[in-house]
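Here is the structure we will look at.
Worth knowing before you read on, the calculation uses all heavy atoms, side chains too, and leaves out hydrogens, waters and symmetry mates. Note that this is a predicted model, so its numbers are computed, not measured. Order of the sequence lines fixes the chain letters, A, B, ..., with proteins taken first and strands second; residue numbering starts at 1 for each chain.
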Amino acid sequence: MGSLRVRDFDLGQTLECGQFFNWRREGAGYRVQARSRSFAVRQDGDRLSFEGADPAFLRRFLALDHDPGAIRATMPRDRFLDEAFAAYGRLRLLRQDPWECLVAFLLSPVSNIPRIQRNLLDVYESTGFEPGRMQDEAGLRRLGIGFRARFLVSAAKRAGSLGGGRPLSRLDGGGTPTRAVLASEAPGAGRPSLEGILGVGDKVADCVSLFAYGDYGAFPVDTWIRRVLRELYGVRKPDRELRAWGRRRFGPWAGYAQQWLFAWSRESLGGRRAARAAC
DNA sequence: CGCCAGGTGGCCC
DNA sequence: GGGCCACATGGC
């Protein structure tokens, strides 16, 4: 049983905000499966307790080296961002495994967070995310993932070139977290091309860049972000321009702004029905 | 029942 | 290149 002190960090926000899905509630905390590990983790105030992973791994995976206040300070004054940050500013963008992250977001199109999570846990239980066990489209379809089954098959065929199924060495080494991380993370460095994989469009590619390749300037545009920009910021443009707009407005850490706004909008904007009723 | 959901691919012009 | 539409399945 390990233990770690944390600052400006919220494990619940971090795991449940919709960036990562391979977790379950367990006791007073969570059971997490990531990067070929299964570990239990819980938070009590500023104390993080865990079992099944070492402190260096957790510091890196949970991005405990990121300083939310410093990140917020790189962005412009913005009342919507202030609200989102107040509500969700203690989440961290995890350093996910690229293959696991890709699989998760290939399940995301025209779905919703609870269902994505259910689907992902089912796919994990059924295949362990091993590419060799993800070639049977009909079998995958039986898990209830619908047309997304062929996306997984397409990705599994290319998994080798993505490091599919293998743990990442740079993380396993437990590199020293640096306080200079604000300047040291190279945007999008090292992301192999996802071109040719069915189901990978701008949105999925941006999510993988942001959540697994450290491209913290990435600004994935989905239905929620589109609504935030339209209904709050009054920006109405094609998605392609919204991505660029987000990068430009929020800067090299725009991905954090995106995630704060995303998480906040889901509760504050409410469902489409609620929005319509309000009119 | 009808509509919508962390989009994408394949058409049409 | 923008504007449609189907795509499986589930929730409301």
Item checked: Basic-acidic side-chain contact under 4.0 Å: A/R79, A/E83 -> no
Margin query: What's A/V200 touching, base or sugar-phosphate or nothing? Going by heavy atoms closer than 4.0 Å.
Written below: sugar-phosphate
Next item on the list: Round to a whole Å and report the spacing from CZ of A/R118 to P of C/dT9.
Entry: 12 Å
Item checked: Whole-Å gap separating P (B/dG6) and CZ (A/F105) -> 12 Å
Next item on the list: Determine whether the aromatic ring centres of A/F20 and A/F211 lie less than 6.0 Å apart.
Entry: no
Margin query: Measure CG/A/D202 against P/B/dG7 and give the value in whole Å, please.
Written below: 13 Å
Next item on the list: Between C/dC5 and B/dC4, how far apart are the C1' atoms? Round to whole Å, please.
Entry: 15 Å
Check: When the distance from CZ of A/R142 to P of C/dA8 is rounded to whole Å, what number comes out?
Finding: 15 Å
Next item on the list: Describe the nucleic acid contact of A/L210 in one word from base, sugar-phosphate, nothing, applying a heavy-atom distance below 4.0 Å.
Entry: nothing
Note to self: With the threshold set at under 4.0 Å for non-hydrogen atoms, list the residues of residues 232-245 of chain A touching DNA chain B in residue-number order.
What the structure shows: none
Notebook entry, point to check: Backbone N or O of A/P238 within a donor-acceptor pair of the A/R240 side chain at under 3.5 Å?
Noted result: no
Next item on the list: Inspect the contact between A/R226 and A/D239 and indicate whether a charged nitrogen and a carboxylate oxygen are less than 4.0 angstrom apart.
Entry: yes
Check: Between C/dT9, B/dG7, B/dG6, which nucleotide gets closest to the side-chain atoms of A/R115?
Finding: C/dT9
Checklist line | Canonical and wobble pairing (Watson-Crick, G-U, under 3.5 Å) of DNA chain C, dot-bracket with | | finding: |||||||.||||
Margin query: Within the 4.5 Å heavy-atom criterion, are A/Q259 and A/Q13 side-chain neighbours or not?
Written below: no
Next item on the list: Determine, stepwise, if the pair A/I145 / A/F151 fulfils side-chain contact (heavy atoms from CB on, under 4.5 Å).
Entry: CA-CA 10 Å; A/I145 66 178; A/F151 297 169; over 6 Å; no
Item checked: Interatomic distance where CG belongs to A/L198 and C1' belongs to C/dC7 [whole Å] -> 13 Å
Notebook entry, point to check: To the nearest Å, how far apart are A/N112 CG and C/dG10 C1'?
Noted result: 8 Å
Next item on the list: Grab the CD1-C1' distance between A/I145 and C/dT9 for me, whole Å please.
Entry: 11 Å
Notebook entry, point to check: Between B/dC11 and C/dA8, how far is it from one P atom to the other, in whole Å?
Noted result: 15 Å
Notebook entry, point to check: Do the two ring centres, one from A/F85 and one from A/W260, sit under 6.0 Å apart?
Noted result: yes
Notebook entry, point to check: Can you check the A/R148 CZ to B/dA5 C1' distance for me, whole Å?
Noted result: 9 Å
Note to self: Taking CD in A/E125 as the centre, count heavy atoms belonging to other residues, nucleotides or ligands within less than 6.0 Å. Is the count above 12?
What the structure shows: no
Checklist line | NZ or CZ of A/R35 within 45° of A/F61 ring axis and under 6.0 Å | finding: no
Notebook entry, point to check: At their closest point, which heavy atom of A/S126 faces which heavy atom of A/R133, and how far apart are they?
Noted result: O-NH1, 3.5 Å
Checklist line | Below 4.0 Å: OP1/OP2 of C/dA8 and any side-chain N or O of A/R141 | finding: yes
Margin query: Please report the distance separating the P of B/dG9 from the corresponding atom of C/dG10, rounded so that it comes out in whole Å.
Written below: 23 Å
Next item on the list: Inspect the contact between A/R247 and A/D206 and indicate whether a charged nitrogen and a carboxylate oxygen are less than 4.0 angstrom apart.
Entry: no
Margin query: Any non-hydrogen side-chain atom of A/F105 less than 4.5 Å from a side-chain atom of A/K203?
Written below: yes
Next item on the list: Can you tell me, in whole Å, how much space there is between the C1' of C/dG3 and that of B/dG6?
Entry: 22 Å
Notebook entry, point to check: Tell me, which of residues 254-262 of chain A have any heavy atom that sits under 4.0 Å from an atom in DNA chain B?
Noted result: A/Q258, A/Q259, A/F262
Notebook entry, point to check: Picking from B/dG9, B/dT8, B/dG6, which would you name as closest to the side chain of A/V204?
Noted result: B/dT8
